[in-house]
Amino acid sequence: MFVEFVKGLGITLRQVFRKPTTVNYPEEKRPPSARARWRHKLLRHEDGLERCIGCSLCAGACPAHCINVVAADNTDEDRKSPGERYAAVYEINMLRCIFCGYCEDACPTGAIVLGPDYELADFDRASFIYGKDRLLVPEPGEVAREKKRLVEREIG
Amino acid sequence: MSEELVTLTIDGVTVRTAPGTLLVEAAAQAGILIPVYCYHPKLAPVGACRMCLVEVEGAPKLIASCTTPVREGMVVYTDNQRVRKAREGILEFLLVHHPLDCPVCDKGGECPLQDFTYQFGPSRSRFRYPKRHWDKPLQIGPNILLDRERCIMCFRCVRFCEEISHHRQLGVFQRGNNQEIGTFPGQPFDSRFAGNTIELCPVGALTGAPTRFFGRTWEIGHTPSVCTGCSTGCNIRVDSRHGSEVVRLWSRENPATDDGWLCDPGRFGYGFVNDGRLEEPLVESDGQCVPATWQQAIARAGAVLEQHAKAGTLGILTSPRMTSEELFSVSKLARTVLKVPHLDHTARYVHPAAVDLRAFAASAGFTPGTLRDIQDARQIITIGVDLSREQPVTDLRVKKAVTQKGAELVVVDAEELELSAFARHTVLWQPGDEAATVMSLANAVASPSEANGMQAVGELLRQEGPKVVLLGWRVGESPDAERIGESLAALAQALGPGTRCVTILRHCNSRGALDLGVHPAEDPVSGRGMSGEEMLRAACEGRIRALWLLGEEPLQDADPDLVRRAMENLEALVFQGWSLPSWLERVPDAALPSTTFAEMDGTFTNTHGRVQRIFRAIRPKGKSRPGWEIVNDLAQALGHPFDSRTVEAVFEEMCAATPAYRGLSWNSLGVAGRESQADSAAAAPAAAQG
Ligand code: SF4
Ligand code: SF4
Ligand code: SF4
Ligand code: SF4
Ligand code: FES
C-alpha cells in the first residue's frame, strides 16, 4: 500500500519538473503540421489568372454541402481564368465545413486548397461565409509557397 | 393487323417482337442495354457511330443493331468478348480528339459519352499526338452554341433539321479528321426548333446560349410541368437550382400533346419567372406605390372591389395564362360574392359569337378532335391559323403526318404560310371574304360541278380517310360571324360526319377559361356582361369605374390608345400578377403579387381539352402567392370565406361545378394529364349563345 503511494507520487514528481507541452497561446504559436487542413485558399496560376474554373466539382464532393459556386463566361476583355468558364461566386460556409479536404481532392485544377490558418473565430454567423474576396489569394507568389507546403505535406 | 411476331434470342433471352423492329429496340424491350449515340427513336437510322455493334450468329462481322431489323430465329450477343472489344475500340476512337473538358461542359453528369466510357471504355488513350483544336464555343444561332471539339459525328442534329423541323440549317462539312458540323454561309441556325438539338446531341457539342453554365446537372432539381408559351400544352421538365431559380426547361414527351419536342420561344421563354417580379404587395399612397403587408393590400383591394361591385361599376379582366384553379376562384368570387357580370379573359376575337371557337366548331357539326388525331389523318385542313407561329410544335406534327405518313394538307388562309410548302393546295382568301371562301371550298368538296376553280382541292378532300380540320382565330376575326358559321357548317357537312376539328386557341389556358365560363356570355344570373373591349370603352365613358386586372398580358392586344384613355378614366385599379406590366402607366390602388407556373401547383387545359397538372418547382419569389389563395383572402375580407383551402380542394370543387371536367380527380391526372370530356364542346354552344 505504501509502496504504491510512493510510486504514484514519483510519477507526479517526474511530471512536475518536465518541460510543459502547452504554449502561451495566443502570444506564442506553434507551427502547424505540414498536413494541417484549415482555412481554404483559392490559388492563382503563375500568370495571375485564377485557377478555379467554376466547375462545382468541389461542391459536388463536399459532404457538408457548404460550397456554393455560380459560374460565368470568360471574355477576352475581362479574363478571370484560362478557358471558357470561371467562378463568379465562390462561397464556403466555414461553420458547416468539417475540413475533410475532399474539395481539394476533387478540384481538377488544384484551385482550392486547405491551408494552415486555423484562427477562424468570429462574432457573427454571416461572417463565416467566405466569398472570393477572402478565399482568393491576392497574388501568384502564394502559389510557390503553397506548392512547397503541399510537397512537404506529401513527404511529411 | 394480326401480324406474326418474330422470335429471336438476345443474350440467351427469348424475345418476341413485331417484324420490322430494330435489334436495338428489341433488346431494350428485353431490358438489355445496347449503348447508342446516333440511334434515336424519332429519327431514321443511319448507323453512323458504330457504338451499337453486336454479334449475330452466322454473320461474319459485327453488325450495327440500330440499322438491323429483327429476323426469325436470330441469335444475338450483346456482351461477349468480341463485342466488348469493339465497343472499347469505338470509344477510344471517339475520344481521340475529344477535349474531355467535362468540368466546364454543360453536358457533364448527364453525358452518354462519360457514362459509356466508364461502363465500356478503355481507361486510357493510346493516342500520343496533340489533339485537334478548334475555336470554341461558336455561336451558330441566337440560342445555340457549337463546340466542334466535343462533337462525335452522330448527325442527330442534322437529321433533326432534315427530317423533323425541315429547317435545313445544319450540314456536315469536310471529311475524316476534319469533319465538322456547321451552318451554311450567311444562314444562322435560327430555326424556332433549334433548341431540340441541344437535347438530341448526345454530348456537349450543342449547348443552349441562354442556359449556358446553368449549374451542374447533379445540382439541378427536376419538376414536371407544362409550357405556358401557347395552347399546345407541351409537357416540360422544369430544371431549377437551389429551389429558387429556374435554370432550364427540357422536354418531357407526351404523345397526346407535344410528341417529344418543344419550340424555342417556349423552351427559352422562362425569364419572367426569375426576373422583374413583383415581390411584395403594394398599395397606393399619395400617388405612389408603397410596399404593404398582405393584410393591408387585401383590405384595400377588397374595399375597392366591394364598393364598385355594389355600384355596378366594376369590371374584371383575367388572363388565360392563369391556372384553372385561379380562374375558377376569380369567377366564383365574381359570380357569387361580388355578383359582377362583367368578367372576361383576354385573347378575344372581334366577334363575340366567335369567342368560343370550339363551340363555334361544334355547332358547325364537327366532331371535337385532339392534336393526336393529326398523326392518323389522311387529310388535314388548316383554316385561319398559322401553326408554325401560333403552335409551333403542332406544326411539327403536321409536317410529320405529311412527310412520314403521306397525309395531304390543305391550307386556307389570307396568305401563303410556311406550311404551304407542305400543302397540296393553299386556298387564299381576301380579308373580309373568309366566309365566302370557306363556302366555296365546301361547295367544291360537296359537288364537283360547283367547284369553280377548286376542282383539285374538292377532289382531294372527297377522298376517303380520317380528316382533321384545324381552326384558328383568324376565322373568328371575320367580320361576319354568322356567315362564317354557315360556311363552316357546310364544310363540315361536305367533309362528312366523322371529320374531327381541333380549335387552335392562343394561350396556355385559353381553353380552361372557356370551359370555366370566364367570359361574359355565361353569367347565370344577370345574363351577358361586358367583354374586355366593351369594359375598356365603358371605362372611357365612365360606366366602368374600377377594374380588377389579373395577369400581365390582358390588354396587350387591345388598341393602346383605348387602353390609355380607359386607365386614365378609372377611379380605382386592383392589379394582380407576377410583374407590373410595362404598359400599365397608372398607379394601381393595390398590387397583389401572384406566383408564376413554376412556383405553384395547378392545372392548365390545352387547346383540345387535355387537363394537365403543373407542379411547384421553386419557392415563391418574395411574398408572392398563388392566385387562388389571394382570392380566398379577398373572399374572407368580403365576409364570404371559401371552403376550399388547398389547391386540390379547389380543383375538386371546380370539377364538380364544371360539366367538362366531371369525372376528373386531382390524383388521376398524374404527370401526363387526362382528356376532359370529349362531348363538352358539343354541350357548350347553347350556353355560349345564351
Ligand atoms: S473541407 Fe470538406 S467540408 Fe470543408 S468545404 Fe471542403 S469538402 Fe466541404
Ligand atoms: S461531352 Fe461529355 S465527355 Fe465530352 S467534355 Fe462534355 S461531359 Fe465530358
Ligand atoms: S453536334 Fe451533337 S448531335 Fe450534332 S453530330 Fe455532333 S455530337 Fe451529334
Ligand atoms: S409549341 Fe407552345 S406549348 Fe409547345 S413548347 Fe412551343 S410555346 Fe410551349
Ligand atoms: S447507334 Fe448504331 S451506329 Fe450509332
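Chain letters run A, B, ... following the sequence lines, proteins first, then strands; residues in each count from 1.
- Both the backbone and the side chain of A/D73 come within contact range of chain B, each with at least one heavy atom under 4.5 Å from a heavy atom of that chain.
- Counted within 6.0 Å of OH on A/Y102, heavy atoms from surrounding residues, nucleotides or ligands total 12 or fewer; the atom is thus considered open.
- Counted within 6.0 Å of OH on B/Y118, heavy atoms from surrounding residues, nucleotides or ligands total 12 or fewer; the atom is thus considered open.
- At most 12 non-hydrogen atoms from other residues, nucleotides or ligands lie less than 6.0 angstrom from CZ of B/F93.
- Within a 6.0 Å radius of CG in B/N178, more than 12 heavy atoms belonging to other residues, nucleotides or ligands are found.
- For the set B/G109, B/P137, B/C105, B/P103, the entry with the most heavy-atom pairs within less than 4.5 Å of chain A is B/P103.
- B/W218 contributes atom CH2, which lies 4.5 Å from atom CG of A/L57 (distance to the nearest 0.5 angstrom).
- With chain B as the partner, the residue from A/S56, A/P108, A/G60 showing the most heavy-atom pairs under 4.5 Å is A/S56.
- Around the CG atom of A/D76, the shell of radius 6.0 Å holds no more than 12 heavy atoms that belong to other residues, nucleotides or ligands.
- Rounding to the nearest 0.5 Å places CD of A/E84 at 9.0 Å from CG of B/D106.
- Contact count versus chain B (heavy atoms, under 4.5 Å) is highest, among A/G54, A/A59, A/A72, for A/A72.
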